[in-house]
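As structure tokens, the structure follows; a few thoughts come after it.
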There are 2 protein chains.
Amino acid sequence: MNTLISNPTPNDKTTDLFDQKSSSNVDVLIIGAGPAGLMAAASLTRYGVHNIRIVDKRATKIFTGQADGLNPRSLEVLQALGIGNQVMAEANELGEICFWNPNQSGRIHRTARIPDTIPEISRYRQSTVHQGRIERIMIDAIAAWSSSSTNVNTEEGINQTHKKRPITVERAVCPDLIKLPSPNASALSDSLEDRVIVRLRHLSQAEAKPAQFSPLAPDGLYRSNMFEDDALDASPQGFPTKEVLEEVKCRYVIGADGARSWTRGAIGFKLEGESSDFFWGVVDGIPATDFPDIRMRCCIHSAEKGSVMIIPREKDLIRLYIQIPQPEPGKRPNRADVTPEKLMTAAKAIFEPYTINIPKIEWFTCYEIGQRLADHWSWNNRIFIAGDACHTHSPKAGQGMNTSMADTFNLTWKIAHVLQRKSDPKILSTYEIERSQVASELIEFDQKFAALFSGKPAKDVLDVTGISLQEFQQTMERGNQFASGTSVNYQPSTIVAKPGSPHNYKVLNKPELASKLPIGPRLYSHQVVCLSDAKPYHLADISPADGKWRLIIFGGNISKYSGCKVRLNSLAKFLGEDQNSPIKKFTPINQSTDSVIDTITILASKRTELEPDDFLEVLRPLKGKHGFRSYQKIFTDDESYHQGHGQAYKKYGIDPKVGCVVLVRPDQYVSLITDINDHQGIAGFFDDFMVTQNSN
Amino acid sequence: MNTLISNPTPNDKTTDLFDQKSSSNVDVLIIGAGPAGLMAAASLTRYGVHNIRIVDKRATKIFTGQADGLNPRSLEVLQALGIGNQVMAEANELGEICFWNPNQSGRIHRTARIPDTIPEISRYRQSTVHQGRIERIMIDAIAAWSSSSTNVNTEEGINQTHKKRPITVERAVCPDLIKLPSPNASALSDSLEDRVIVRLRHLSQAEAKPAQFSPLAPDGLYRSNMFEDDALDASPQGFPTKEVLEEVKCRYVIGADGARSWTRGAIGFKLEGESSDFFWGVVDGIPATDFPDIRMRCCIHSAEKGSVMIIPREKDLIRLYIQIPQPEPGKRPNRADVTPEKLMTAAKAIFEPYTINIPKIEWFTCYEIGQRLADHWSWNNRIFIAGDACHTHSPKAGQGMNTSMADTFNLTWKIAHVLQRKSDPKILSTYEIERSQVASELIEFDQKFAALFSGKPAKDVLDVTGISLQEFQQTMERGNQFASGTSVNYQPSTIVAKPGSPHNYKVLNKPELASKLPIGPRLYSHQVVCLSDAKPYHLADISPADGKWRLIIFGGNISKYSGCKVRLNSLAKFLGEDQNSPIKKFTPINQSTDSVIDTITILASKRTELEPDDFLEVLRPLKGKHGFRSYQKIFTDDESYHQGHGQAYKKYGIDPKVGCVVLVRPDQYVSLITDINDHQGIAGFFDDFMVTQNSN
């Protein structure tokens, strides 16, 4: 029945992927188009890697339900990619967490409030919007970036197959066989024998029926958050009339195919961990209620009827997490008992004496709490798994979508730099090191969090049969820090120069020069004022996720301290002229000065004491054949006309008499802090893993 | 040759306006699809008036050039309509104005800097983006709002012809005849004899050639700010093969057809005023230059070579306004001398010793400075003219597009309320009164501004042959206030209750209760915190331009002062239950409590001292058959977790012991300030012009 073809001919006019000769020979094959897979495709296309494919076994995207939490770090990442405003325009920011517990007579009442996002942790707040909207925005971004000619990578040999046709998710396509090359094969080899071969099965129309309810079909579930731009995807058409097989030859494979990952199984990795005996139900909809805190995130522990968590969402929607009465130890609840009606009956009992009714249930599900972790994340740095394929846990802390997107955001710039021959492939090893550490912390947090939440609470005073309210609230507060995604702190490695990293012998690495700017976490964004246009900018907005390293030069107060001026000029001279300058060594010929390592200079002088031509060309390079100026390169830590003073030096703990250099990875994590005079340290850091280009 | 048909049959498959039986019988016909006409169509559809048509004689929209300045008030209006974020994402905010003048030896140097937008004047800043993008965003909004079922007006008799098909601009359509009804005819009459009849000429393909260069044709002018979503409009098709005439019967007509307005001429109004002898050229493009302030708005006066104004725009574009040497008095420059090359030669001389080159000129034009004003703005409150049809002036102060959009934004809520039988037609008289006042002020400002700018400057010290630098700078600073659009202060009228208004005898009108919140200007927006979700909101964002009156109740500190609590409850009781309550009298049956007059309650108490059910139902009404709660109704003037304290009471000058009621028009202008106890005054204000509905 099935035909195995490596370059199949079309059997249906709409399966136009077959038009592309290169389609069976890709730089990156992404398996799975959930948040992890879409983030992989979006960030790769953003970085100029366009010879990729992304496939998903589902016939349509997600329209409703599923994950709904976006933490501040995810919003930072989406903003850095250029799609944050779109997401935030649709999302609901969360304001406050309220704790409701029984009083002495058993009636629930509000016992405490804490801010939902810890103040000062990020410029964004914990927000909610359903996964389908995030997916839609990323799908549109992938199409736009992959078809935009401005993103074409001019590097030869790797991404030569860029087409203007937008990259789209190929749906109803399953991998069913994998063939591994020699473990020593190079991804950059042009021999097809060195590729990972994945056989893809294009499902027939009959097989490709949407696994979820069609939102256009009358299935009894109302979907108020269907958007018009989703309408086409809701009734997919154009699948082959019979199943088709093809072989795809891949430099890299990213398996982002969920908790039951086919990729993980195919390369023999395992998900390890345990399930608990805690079961929860989830219901989405717009409530009619007299409960006063329905627009707050609430943790409601009733005296006898179990617990509910409220998540206020976009468009007056809420999500309720409802505890399902625990059956006898070791037994599972009867699935037939988990209907939306029964879940609402349980919720109503917990809310008493308040009333709550959800006239139209938009989505519901139930789950068993459990925590599992993959034993490996990468096969020889050629095949990577990410997202739910690596870690599963309970959804209540809203970490699934966030951690999954963060996995591939960590991975893709590394793959892009290797494909673009900017970096040695050894940087790929940091993916598993960095992300499995985060996943372990997540699992540990979730075990504690889920157990606490599922436990029976104490009354207002500590009760030996329950959980201390104080302990619960403290765990929530600590959890909040973790859940924000901003506490990730990558360990020492080739690309994180701190004690223990292989760089120590080469670089001065003086973290004390920016005492409040730790190495390992993402760069916290403060406001600075641009010399060219007098406007305030967030540092994060002038260092977007465009695949560039950022060399941030805190030059100090050069108008007051002549030493600062001398040091800054000396560094600029080194960067612009010295043969050991990483900018000169690692920028491909014919590319602009700032295309690989982009400098941002931030002075502690008053803006009006400086003129743009005080600075050497390398710090504000000209672009293109006409010599247009780059304006957003030189900044001051000064008062703005309308948005106050960013106080960046003070908040980063940098002395305006001394200054420092901060090196930031393309994914915004801080790699190195050193002295402005440490030219050789800066050069040495890059020398360790960057690929020298033709002399420039 | 021409056929006059009142309900023409299609002669071309794409002229599908003929499908609509109602198309020749409209509530509002808008003539002209520039900023004034599009703002009219956008705001009318936003208010639920969908039986409208908008026609334009040009075959395509504007793609480049033309107006480019958006003042803070325009951004407030666009934001209130719901499209501000889109505009601001594309626009370039201006940072600083720099003055460059010759020093003693004649070399230009920077003599002063001022902030481009006066601090604290608005939450938005003066910005630039070309008119074509504003038009595109409004065109898309009109299509979305007119086809969205949520905007359907349920009032019977007027807007019964709402179609789900989006309203689009009908291009290459000219009015060529107008037939006026009896001056006493009512717009609301159902007799077609009472309509204004406009004959429209649908141009044939041959006539409809775009008047501007086609952006897709190789015309030698490069257009870097063409956007993909404009591509379809750039090569218009589907015009009739021969000219077609039709008659449209209109309740109202808005003539927004530019400085040479056909509408103005057809009803016999005149544009009066004079031209000057000052001539200027305009050039748009991306510059290569070493001039340090190229990203600032600059006024450069050279010693001998004339003046240049720099406007930094989106995408590294700039606009240069270049003074053209004045010919002999009374003579005009030779048009052949005004080429982009010659303009740039003049500019280069003024910039010396700096160099400037614009490799690709995107657009250029030249104009003669002159100020003209229409003698009348309205024919019997049935036909209105707006925008350039009413006022023309020099473009340098960036007021054209802003004032034009403000004209129709002032007019359309009044037309909507009359059509929806909420208001007596007499409110329409306020349009000419309010907007001609603004236009007069604009003309006066522009005469002063243009003369100053075109004059020869003094050197560093006052020079009798030139203009005092100090005088120039002071005029710029005063002009900046005016140009922001925020200083508009409407005079007393039926809908602005201040001394001189016909309301004085009925309402207490106690402006001293909000000493820093003047009656007449638009409501300045401060931040308040929502009781339901603990989040900060700008007052402007909770009172969007949705066609509703806003009754803002500053209830005072009700947790501290029992008098405040008593007064608030008494007002709420009056509004919710009394037969004289304007909410009860003027809300149509079957519409929600807040559909005509929306209350917003702002307390001076701590948020955590209040509970939502402290407030009577009318202040936080339930919506729809399921009784979903309105959450964004009750606010406190309190600290937020992440965005500080709005200090609204203090900034408005309201005493937390006393409070007050502030009544705000649907276009955000303040109508009335009175005592919370002044129930009869509030009722009396509305009684004067609102239409009593069936008992509710």
Side-chain angles (χ1 to χ4, degrees), chain A residues 85-86 88-89 92-96 98 110 113-121 123-125 144 147-148 228 286-290 292-296 312 316 357-360 529-536 607-608 611-613 622-632 640-642, chain B residues 85-86 88-89 92-98 110 113-121 123 125 144 147-148 228 286-290 292-296 312 316 357-360 529-536 607-608 611-613 622-632 640-642:
Chain A
N85 286 338
Q86 277 170 272
M88 283 178 274
N92 177 58
E93 221 173 88
L94 299 179
E96 191 171 74
C98 294
R110 188 194 301 113
R113 311 173 187 255
I114 59 171
D116 197 290
T117 305
I118 298 169
E120 307 287 309
I121 209 170
R123 57 179 177 146
Y124 300 118
R125 262 74 80 181
S147 60
S148 158
E228 276 180 27
I286 299 176
T289 181
D290 58 1
D293 287 349
I294 198 71
R295 294 308 297 167
M296 309 290 197
D316 284 357
N357 181 33
I358 298 185
K360 291 178 175 178
V529 177
C530 181
L531 184 58
S532 291
D533 61 22
K535 293 193 287 186
R607 176 177 61 84
T608 53
E611 293 290 340
D613 57 12
L622 298 174
K623 302 178 279 196
K625 65 173 178 173
H626 294 300
F628 294 136
R629 179 68 64 193
S630 301
Y631 299 111
Q632 284 156 29
S640 67
Y641 283 125
H642 306 283
Chain B
N85 286 337
Q86 277 170 272
M88 283 180 273
N92 177 59
E93 224 173 86
L94 300 179
E96 192 171 72
I97 300 178
C98 294
R110 189 194 299 114
R113 311 174 186 255
I114 60 171
D116 196 291
T117 305
I118 298 169
E120 308 286 313
I121 209 169
R123 57 179 176 145
R125 260 76 77 182
S147 60
S148 158
E228 277 181 28
I286 300 176
T289 181
D290 57 1
D293 287 351
I294 198 71
R295 296 306 299 166
M296 309 292 196
D316 284 356
N357 180 34
I358 298 185
K360 292 180 175 177
V529 177
C530 180
L531 185 58
S532 291
D533 62 22
K535 293 192 286 185
R607 178 177 61 86
T608 53
E611 292 290 340
D613 57 12
L622 298 174
K623 301 177 281 194
K625 64 174 179 173
H626 294 300
F628 294 136
R629 178 66 66 193
S630 301
Y631 299 111
Q632 284 156 27
S640 67
Y641 283 124
H642 305 284

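In this text, all values refer to a predicted model and were calculated from it rather than measured experimentally. Below, read A as the first sequence line, B as the second, and so on, with proteins coming before strands; counting in each chain starts at 1. What you see below is based on every heavy atom in this structure, not just the backbone, and it leaves out hydrogens, waters and symmetry mates.
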Is [X] in contact with chain B via its backbone, its side chain, both, or neither, using a 4.5 Å heavy-atom distance?
X      : value
A:D316 : side chain
A:Y631 : side chain
A:K625 : neither
A:I121 : neither
A:E93  : both
A:I294 : side chain
A:P115 : both

Sort out for me which of [options] touches chain B most, counting heavy-atom pairs under 4.5 Å.
options                       : result
A:P292, A:C98, A:S532         : A:S532
A:D613, A:T608, A:D293        : A:T608
A:Q86, A:E120, A:R123, A:R607 : A:R607

So, taking the atom named OH in A:Y641 and the one named CD1 in B:I118, what distance separates them when rounded to the nearest 0.5 Å?
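It comes to 12.5 Å.
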Let me confirm one number: the CD-CG distance from A:E96 to B:D533, rounded to the nearest 0.5 Å.
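Going from the CD atom of A:E96 to the CG atom of B:D533 covers 9.5 Å.
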Which atoms of [X] are under 4.5 Å from chain A, going by heavy atoms: the side chain, the backbone, both sets, or neither?
X      : value
B:I114 : backbone
B:P312 : neither
B:E611 : side chain

Hey, does the side chain of B:H642 reach the backbone of A:T117 with a donor-acceptor pair shorter than 3.5 angstrom?
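Checked: pair present.
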For A:A288 and B:G627, which heavy atoms make the closest approach, and how far apart are they?
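Heavy atoms of A:A288 and B:G627 come nearest at CB-O, 4.0 Å.
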Any heavy-atom pair between the side chains of A:K535 and B:D116 that's under 4.5 Å?
no
